[in-house]
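Structure first, commentary second.
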Amino acid sequence: MFWDKITGKKNIENIEEGKKEINKVGLEDSVRKNEEIIKDLIGESSDVVFRKFNLAKDEESPAMLIYIDGLTNTDILNLHIIKPLLSDLKEEDLTENSIEEQVDLITESIVTTHEIKLEKKMDKLITAALSGDSILLIEGLSQGFIIASKGWDARSISEPTTESVIRGPRDGFTENLRTNTSHIRRRLRDPGLRVKGVAVGERSKTDIAILYIEGVANPHIVDEIMNRIKSIKVDGVLESGYIEQFIEDSPFSPFPQLQHTERPDKAVGNLLEGKVAIVVDGTPFVLIAPAVFEQFYHSPEDYYNRTVIVSLLRVVRVIGLMISLALPALYIALTSFHFEMLPTVFALSIAGGRAQVPLPAYLEAFLMEGIIEILREASVHLPNVIGSTIGIVGGLILGTAAVDAGLVSPAMVIVVALTTIGSFTAPTYSVSNAIRILRFILMILASSFGLYGLVVGLIATSIHMASLKSFGIPYLTPYAPSRLEDLRDSIIRFPLWKMNFRPTLMRTKNSKREEAKEEGDKN
């Protein structure tokens, strides 16, 4: 066995050492020996195909095509690789030429795929085969041909499910990396758009593409993102969430420091602002970096509608944020510690509703919020039809039954309902998770110290958010530190023809949005 030749023993430790040594091993000039090595590396797998044939008419001159069934495009394999090799061999004996001439004939005349290259390292050939390409080995050549033949079944382009809009494009990213980069290329026909590829994962070797606009993006931010991604050491990357957790600045903060999106138009909009898009093969969620808190409450259709409507909607989202964050804690503080602050009629109404409730206000709030979180989690992981049914049953029947049974007051049901509805105003799901966590922390503080605890909790949250950075960019920009120019695209959005400059927080090389166009007109 090949492992025995490298390590002398066949155990776990020596196999790991063998994997490191294989990176230095080149190919043999014998097809049979190379076949043995590859079989030892890949193992006896039924989906690995070793297609043998001869390059000569009469004599024995073996060659071999190696590919993974299910990862290769059968049309490319049959029409552009196997058929040309076998049909051209009937007309010309390749063995009459030197090895160099055979290589030239195969690369320039016989194989008709769009990409073919020579490789002498065994590990790169194995990786190429496991990525869907085909490997061609010929007798007497200590190198192998990597022939582009990727092609597997993939989900068709569909509307994003997590970022639905009323007005805007309906196509979304898919699990195919090249399909996703083509989405961006189609919308952004800028020669300055750069797509840098890197493979991450010692075993999965997941393809990742880093996209940015040369001349617009800050090169220091681009280099920092590239360095963090290249320094990742992990067995496998199965989703962009792996990358997010490895490269974010503050992993223990509940607030997301990178934004993910399924929408190509949203990714392009961020690229035009000087940000970087990270596309991971195998997931429709593309990461946007850097990210500040404000952008999580911006929707792509904010830029497709008029400024008055958009500004009003953003104000509604901010109100929804405050309600979902502080309303339960405020209810606990007022009903448990500061009842005298409520208007008399309102206080009497709440007291009448709570007259038959055996639980104190804070336990009542925790009970209802806990039930809502259970229902929310149950509806997320069930099919859509059943999930909506769970929401109706939990929200209407269970709430009504709890009030009739005297377990909770009607006012508490209203508070929880408003809190839940307010959390749904966030266009991005990841930031609503942070609000859910902070809501319970504020409820605990309000249960212990009343309004003082609530205020201290809000101040501590603000201090924490002000201390966060995303690749060097302050998290609360443009408010702290204040960026007057960036306030044109904050809660109140200015008309598009007034937004002439890119966000100053990104420190872009080309700060004016139309500068390149103006220079072109002058020329």
Side-chain angles (χ1 to χ4, degrees), residues 22-23 25-39 41-42 45-56 61-95 97-154 176-179 181-182 195 197-199 204-207 209 281:
I22 195 62
N23 296 333
V25 175
L27 263 70
E28 303 284 346
D29 58 2
S30 169
V31 171
R32 184 183 59 80
K33 290 181 180 179
N34 289 330
E35 180 186 3
E36 292 178 358
I37 294 173
I38 293 173
K39 284 185 176 180
L41 290 172
I42 299 180
S45 300
S46 58
D47 61 339
V48 182
V49 180
F50 294 85
R51 177 72 159 80
K52 301 178 182 179
F53 54 92
N54 291 324
L55 293 178
S61 183
M64 180 178 293
L65 190 68
I66 305 169
Y67 60 92
I68 307 294
D69 186 20
L71 294 183
T72 55
N73 187 310
T74 55
D75 292 334
I76 294 177
L77 195 66
N78 294 329
L79 299 178
H80 298 280
I81 302 176
I82 296 178
K83 184 178 179 181
L85 283 171
L86 297 182
S87 62
D88 288 349
L89 294 179
K90 296 178 181 178
E91 302 174 0
E92 182 177 1
D93 190 346
L94 292 182
T95 57
N97 304 311
S98 64
I99 290 295
E100 290 78 11
E101 292 174 338
Q102 292 181 35
V103 170
D104 292 339
L105 283 171
I106 290 174
T107 55
E108 298 176 7
S109 303
I110 298 178
V111 176
T112 58
T113 58
H114 65 279
E115 183 180 359
I116 180 172
K117 62 180 179 179
L118 279 171
E119 180 57 55
K120 60 183 179 180
K121 289 189 176 181
M122 178 65 73
D123 65 318
K124 292 188 177 180
L125 287 171
I126 296 296
T127 301
L130 296 175
S131 300
D133 291 329
S134 300
I135 307 301
L136 176 63
L137 306 175
I138 63 175
E139 190 72 22
L141 180 63
S142 58
Q143 298 182 80
F145 295 91
I146 298 178
I147 307 174
S149 60
K150 293 184 181 72
W152 49 79
D153 294 333
N176 187 283
L177 182 139
R178 281 293 161 246
T179 301
T181 56
S182 67
V195 182
V198 62
S204 68
K205 292 181 173 58
T206 305
D207 292 323
D281 190 29

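The figures here come from the full heavy-atom set of this structure, side chains too, leaving out hydrogens, waters and symmetry mates.
- A donor-acceptor pair is defined here as one N or O able to donate and one able to accept, closer than 3.5 Å; such a pair exists between the side chain of T107 and the backbone of D104.
- Looking at every heavy atom in both residues, M64 comes nearest to F50 through SD-CD2, 3.6 Å.
- We find the CD1-CD1 distance between I66 and I126 to be 7.0 Å, quoted to the nearest 0.5 Å.
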Could you go through residues 136-148 and list every donor-acceptor pair under 3.5 Å that involves a side-chain atom there, pairing it with any protein atom two or more places apart or in another chain?
from : atom 1 : to  : atom 2 : distance (Å)
E139 : OE1    : V31 : N      : 3.2

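- With values rounded to the nearest 0.5 angstrom, L85 atom CG is found 4.5 Å from F53 atom CZ.
- With rounding to the nearest 0.5 Å, the separation of CG in L130 from CD1 in I68 is 5.5 Å.
- For the pair I110/P84, a side-chain contact is recorded, criterion being any heavy-atom separation below 4.5 Å from C-beta on.
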(request) Test I37 against L27 for side-chain contact (heavy atoms from CB on, under 4.5 Å), laying out the working first. (result) CA-CA 9 Å; I37 294 173; L27 263 70; over 6 Å; no
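- The minimum heavy-atom distance between I135 and L125, with the atom names listed, is CD1-O, 3.5 Å.
- Partners of R32 according to the salt bridge (charged side-chain N to carboxylate O under 4.0 Å, His left out) rule, which considers only residues two or more places apart in sequence or in another chain, are E36.
- Residues passing the salt bridge (charged side-chain N to carboxylate O under 4.0 Å, His left out) test with K33, sequence neighbours excluded: none.
- Going from atom NZ of K120 over to atom CG of L118 covers 11.0 Å, rounded to the nearest 0.5 Å.
- A donor-acceptor pair shorter than 3.5 Å can be found between the side chains of H80 and T112.
- Closest non-hydrogen pair, K150 versus N73, comes out as O-CB, 3.8 Å.
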(request) With side-chain contact (heavy atoms from CB on, under 4.5 Å) as the test, would you mind laying out the steps for N34 and E28 before giving the verdict? (result) CA-CA 6 Å; N34 289 330; E28 303 284 346; 3.4 Å; yes
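- Evaluation of the salt bridge (charged side-chain N to carboxylate O under 4.0 Å, His left out) rule for K52 yields E35 as partners, not counting sequence neighbours.
- To the nearest 0.5 Å, the span separating NZ on K117 from CG on D133 amounts to 8.0 Å.
- Once rounded to the nearest 0.5 Å, the distance linking CD1 of I76 with CD1 of I81 reads 7.5 Å.
- Checked by atom type and distance alone, the side chain of T127 never pairs as donor or acceptor with a backbone atom of K124 at under 3.5 Å.
- Between T206 and L177 there is no side-chain heavy-atom pair separated by less than 4.5 Å.
- Under the side chain to side chain donor-acceptor pair (under 3.5 Å) criterion, S149 pairs with S134, sequence neighbours left out.
- Considering only residues two or more places apart in sequence or on other chains, K205 meets the salt bridge (charged side-chain N to carboxylate O under 4.0 Å, His left out) condition with none of them.
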